[in-house]
Structure formats: C-alpha cells, structure tokens
Amino acid sequence: MDLKRLAKLSRLTFTPEEEARFGAEMERIVAMVAQLPDLDASGPLIDPDNPMEFRKDEAEHRFTRQELLQNAPEVQAGCIVVPKMVD
Amino acid sequence: MELYRLTATELSSMLADKKVSSAEITRSVLDRIAARDEEIGAYLTVDADGALKQAAAVDEKRMQGESLSPLAGIPLGIKDNICTRGLRTTCASRMLENFVPPYNATVIEKLLAQDYVCLGTLNMDEFAMGSSTENSYFKKTRNPHDLERVPGGSSGGSAAAVAAGEAIAALGSDTGGSIRQPASYCGIVGLKPTYGSVSRYGLVAFASSLDQIGPMGRSVSDVAMLYSAICGKDPHDVTSVRREYPAFDKAINPDVKGLKIGIPAEYFGEGVSDEVKTAVMNAAREYEKLGAQLVEISLPSTGYALAAYYIIASAEASSNLARFDGVKYGYRASGYKNLEELYEKTRSEGFGAEVKRRIMLGTYVLSSGYYDAYYKKAKFTQMLIQEHFRKAFESCDVILTPTAPDTAFKIGENINDQIKMYMNDILTVTVNIAGLPAISIPCGTDSKKLPIGCQLIGAKFSEQTLFNTAAAYEAHVGGFDLALA
Amino acid sequence: MDYKGYEVVIGLEVHAELNTKSKIYCSCKNEFGLEVNSQCCPICMGMPGTLPTLNEKVVEYAV
C-alpha cells in the first residue's frame, strides 16, 4: 500500500507520526476487508427493480448569487477568489 | 409532570385539545436544555429564539382555528448533518464549522409544512463516521444514563437529547447503525427506514447507497408519527421510491399472534455479551407469550457483511467528501502557495483523523487495479446479502437480534482500538447493505443499569409490521422507562 | 524529406454543448453571456447534501 500515492490522490497530507499510525491501522482494516467471498464480479451493477426517473428540461431560478456565495471564503466582483492557476 | 417528559403522541393530543400551548412545551424543553446540556453536550447549536418564534406562530394558527398536522408545535432536534436553511449545519466537523446552508433538506421542508418547532442541531461523529460521537470536532456527548459513558454514534446527540428530555423527538441518520446503536445505548426507540423511503436530499452524504435519515423518540408511536411525516418520494432524490406511504402511527396494531419471528444464530455468537443475549432472548420469550412463533434462521452472509460494508462505505465516502476543497464553501486553510496546497492544507486541517482514515481507505479500494477486486466485489457481495435476507423472510415475518454487542462503553475506552470500534457495527451494517428497515427498542438493562436494545428487522417497506411488533412488546412491558433524571 | 512512409492520423476532440433549456443535473438555466455566478443553485455548486437529477433531454440527445 503506497500511502504517499494514496495521500496525493486523496489530496491529504500527513505528519510522519500520523503516516506511521495510519499505515498500521489501514493494514489491519484492509486485512479485514480482504475476506470477501469468491464471487463472479463480471456482470453489470444495475438494479432493474428501481429505474431512475428523469427530470423535465425546464429552467427554474430559485437562488440569488448573494445567497450562494454567502459561504465562500473569498469573493470579488461576484467571483470566488482562488490561487492563480494559469500564467 | 413536566412537559419535556411527555411523548409527542401525548403532547399532540394535548395541543389539539388546547390543554397546553406549543410555547409552553417549547419553553419547558428549552429550560431543560439550559439545565442539562452543559453536562450532556447533546446540542451543537440551540436556536431558542427561533424555536419560540415558531411555537408562537403555531399557537396563533391553532387559535385561528386552522386545522394542523399531528406534529404541529412539537419541538424536535435535528442531527447536524441535515441541512437547515439559515441554521449552521456543521456535520460536527471543522470543515463546516461556519457553514450556513442556503437551502433546507427535503425532510426539513416536510416538517416545516407540518409546523414543527426546530430546537437546534445535535452533535454527532464527524461526517457520521463513528459509533460513539467521540469523533465530533466540537465536543463529546455523554450518555444520560451514565455521564462517564458514550451515547453511541453517530447520532449520539440525537439519542442523548431524546433520552434526557432535551428534545421531544429527533432526526438522526443511519449508514451502518448510527440511529439504532445510540438508541440502544440510550434506551430509546430508533428506526432506520427502508432505503429509498426517506429523501436524502439535504443529508450531507456519507455513503450514498446506504444512508437514510430516520426518527428517534421515546415511544413506538412517536417514531411512527415522525416517520410518516418525513417519508415519501422526492423528485430531488432519484433513489427515493414512489409508492403509497400510509399514516403509520394511526395504523399501529400491537398484535403479534401468529407472527413468525426469526432468530439468526449468527447474531448471537461470540462477541455479544451474555447479558445482552439474555435480555434479547427474554424479549423473544415475551413475544412467544403474546402468540408469536420463534423460528431459527440462518444468515450466513453475516461474516463478510462487515468487510463489504467498509469497502462500500469508504469508497462512497471518499467520493462524497471530495467536494470539500476549501474553494466555494467551508473551511479554507491559510498560507497556501498554489491550488494544490489549498486543497491539501484545507483537507488535512479541516478533517479529523477518522474521516481521513476512511477517505484513504476509500481511495485505495477505488484506485486503479483495486476497483474490481474490492469495490465491485463488495457490490456483488451486497447482492448476495440481499438474496440471503430475501430467503430468510420466506420463513419468518421479522428478524429479532441484539442491536449492539454490549452496552455503552466508557468515554475514551475504545477510541484508539479501531477494530473494536468497528465491531460495534457488526449487528447493524447488514441491514444497511440490504436496504432493509430495522427498529431498535429498549429490552432491559444490564448489571450496571445500562440500557440494552433489541433490533427488529423487516423486509423492504414493512415498517408497519415493525411498528406493530415493537408496539406489542412496548404495551406488554407497560411502556419504555426513560433516563430522565 | 520523404513523407510517403508516414501515415496521417488526425484526432478530433469535440466538446459539444447540448442545446437544452436547463443544465444536465439541475434546473438552472443553460444560457451563456449572463452575469457571473447568476445562474447557479446549491446542486451545481456541489453544496453538501445536494443530489443531481438527470435532464431527460440530455439523455435523448446523447442516445
């Protein structure tokens, strides 16, 4: 188990102590989860008893920009401020 | 008798007969919160002003002769992972410490339409991950029966509040036992509804194929009443099921003559304490006295259900929690130099250890090379488990098991033993995997006077049978004894 | 240079915006040129607790 790679994928960082502890705990849990029965897992994963209902293509306006950006950490001119990504 | 000690059913009738006002009930519960919550710690946000305003508005409606729903004017607590518009919803996480949702969960819209009174939001394990409420970023909740012990989790705040009279009833959520286990530890009634019977829109997602919002209360009738109020098809949640949902509380028939109760050997094995086994088998014998028939059944999938659960739950959780990146809402770290660091610092600082552990596990089982071996295999195991239950229900009407392997443990006792914490889930997770309904009711106490709960599991959409069966036991023992000290 | 030995391979990556009234997973207006962040809702902002609902026209066009 490549913890560094998993951390990168999960967008998480750990201190060396956390990493050591996590490593041991995750190994124990993974050992537990390796107990699954040997089943044929090649078929599709669809439940035919519960077909999904679609939404009609109709536009509806129910929220103001102000309401939606209320929780944003940093806002400027109606946009959310984030670090520069493109030079 | 103080108003905060009464059930929603009793209060509803008193309100209808104008013997009491919602304002009086709400004030009684708010006073109780003021007196006890410093010690118990069930609440994260108490909205006293809002609650009293709502209560006054309902009383006014009633005075004007408006016809109101059974829940009108009843003060309830809401688990803090259910979005309440204008009221902070934190999921007990630093990540959402100051998050105020601009919208209501569908269940909240339904309750508002029925004029409920919202007392505030209740403590939980962070993002519903845990079985003790010790994983809350903000505070620990204590079991009203013994303040040195946990109330269970993740709906620990909800269970403690109801048991202590700090809410007439409450909403919790259950992904792997998070309503039933705390209900068992705190001596109250808790229902995990059939998957799809209650809308998940507005419930901060943990494991989308397992989560359900459910009612917690002091009596079967209260839980049935609250369930009727929140169930139903919701166009916002495509996993919610379209069907007829009757008024369950009005149709309760506490008669179990001829009812076949399945007893699965696998749920009474090693790991379940002797006192718990004794209490649950005593309940089974009481059911026999009432005319039910006990049937031995076998649920062979129990052994790997826990493994399947942890794979499915962590995989779905890692996906659901990917949205927490500090960009549009929630916690944002400081001192980042670029976008990558914004994400990593925000998530590493915003999430607690248990949440990070589950995300990592989820990322692992979904990562390239492992998806088929773990996640897909777990989903097929899920189908096998559903098939086993379907077969089991051919020879019985309900299944009776203990809710938890033991009674409430001491705060801090298990938190560092992951496997022990996970074992707490073993009796409850199969039910979430199978999408079935299950109710936990009190069935005695152990030598330390701590509540023991037994669980009744039913086939999909058989909530009425569960309510009837639970009510029969409740009537037989003369009602459930509460913690209210 | 002798180009006869080379085979031309051209790839086309097409981003097709579907001509629907509402967005794919929510009922917000699917229209360009409006004020920033003015046609949003908790669903397309990915707020906690929200769930997507699939636009039937999108499926129709895709199929």
Side-chain angles (χ1 to χ4, degrees), chain A residues 2-15 18-19 21-22 25-26 29-30 33 41-87, chain C:
Chain A
D2 186 351
L3 282 177
K4 283 205 174 5
R5 181 175 150 265
L6 285 181
K8 206 75 194 160
L9 287 173
S10 309
R11 299 291 191 270
L12 292 169
T13 54
F14 298 103
T15 64
E18 279 178 314
E19 215 177 282
R21 216 172 2 121
F22 261 41
E25 281 161 358
M26 286 207 29
I29 297 162
V30 171
V33 303
S42 57
L45 280 174
I46 306 171
D47 182 2
D49 292 326
N50 284 313
M52 188 176 75
E53 286 182 20
F54 294 129
R55 173 177 49 86
K56 290 233 157 314
D57 183 27
E58 272 143 24
E60 202 186 26
H61 183 71
R62 288 199 298 136
F63 293 89
T64 63
R65 177 168 76 194
Q66 208 250 335
E67 279 181 290
L68 295 173
L69 296 184
Q70 199 112 38
N71 288 291
E74 209 185 321
V75 176
Q76 228 176 79
C79 300
I80 297 170
V81 181
V82 292
K84 184 169 171 180
M85 281 173 281
V86 185
D87 275 319
Chain C
M1 191 170 185
D2 181 8
Y3 294 103
K4 280 204 265 293
Y6 288 90
E7 184 186 303
V8 179
V9 177
I10 300 170
L12 286 177
E13 186 181 301
V14 180
H15 291 217
E17 285 142 3
L18 298 174
N19 193 9
T20 58
K21 293 192 211 128
S22 59
K23 295 185 183 177
I24 181 173
Y25 292 124
C26 66
S27 307
C28 291
K29 221 197 281 196
N30 178 26
E31 195 183 306
F32 291 86
L34 301 170
E35 264 286 297
V36 293
N37 291 326
S38 66
Q39 305 301 315
C40 296
C41 75
I43 299 168
C44 53
M45 286 198 75
M47 287 196 167
T50 56
L51 296 171
T53 52
L54 187 52
N55 184 336
E56 66 178 5
K57 257 283 178 289
V58 165
V59 180
E60 200 186 295
Y61 287 161
V63 170

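Quick note on labels: first sequence line is chain A, next is B, and so on, each numbered from 1.
Residue contact with chain A, scored on non-hydrogen atoms closer than 4.5 Å, is absent for C/V58. If you measure heavy-atom distances from C/L18 to chain A, you find no contacts under 4.5 Å at all.
In plain terms, the two heavy atoms of C/L54 and A/M52 that are nearest each other are CD2-CE, 3.6 Å. Considering every non-hydrogen atom in both C/C41 and A/F63, the closest pair reads CB-CD1, 4.0 Å. Taking every heavy atom of both residues into account, C/V36 and A/G78 meet most closely at CG2-O, 3.8 Å.
Residues of residues 5-12 of chain C placed with any heavy atom under 4.5 Å of a heavy atom in chain A are absent; none qualify.
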Mind listing the donor-acceptor pairs under 3.5 Å that bridge chain C and chain A?
residue, atom, partner, partner atom, Å
C/K21, N, A/D57, OD1, 3.2
C/K21, N, A/D57, OD2, 2.9
C/S22, N, A/D57, OD1, 2.8
C/S22, OG, A/R55, NH1, 3.0
C/S22, OG, A/D57, OD1, 2.7
C/K23, O, A/R55, NH2, 2.9
C/I24, O, A/R55, NH2, 3.1
C/C26, O, A/R55, NH1, 3.2
C/C26, O, A/R55, NH2, 3.1
C/S27, O, A/E60, N, 2.7
C/E35, OE1, A/R65, NH1, 3.1
C/V36, O, A/R65, NH1, 2.6
C/N37, ND2, A/G78, O, 2.7
C/T53, O, A/R55, NE, 3.3
C/T53, O, A/R55, NH2, 3.2
C/T53, OG1, A/R55, NE, 2.9
C/L54, O, A/R55, N, 2.8
C/N55, ND2, A/D57, OD1, 3.0
C/E56, N, A/R55, O, 2.9
C/E56, OE2, A/K56, NZ, 3.4

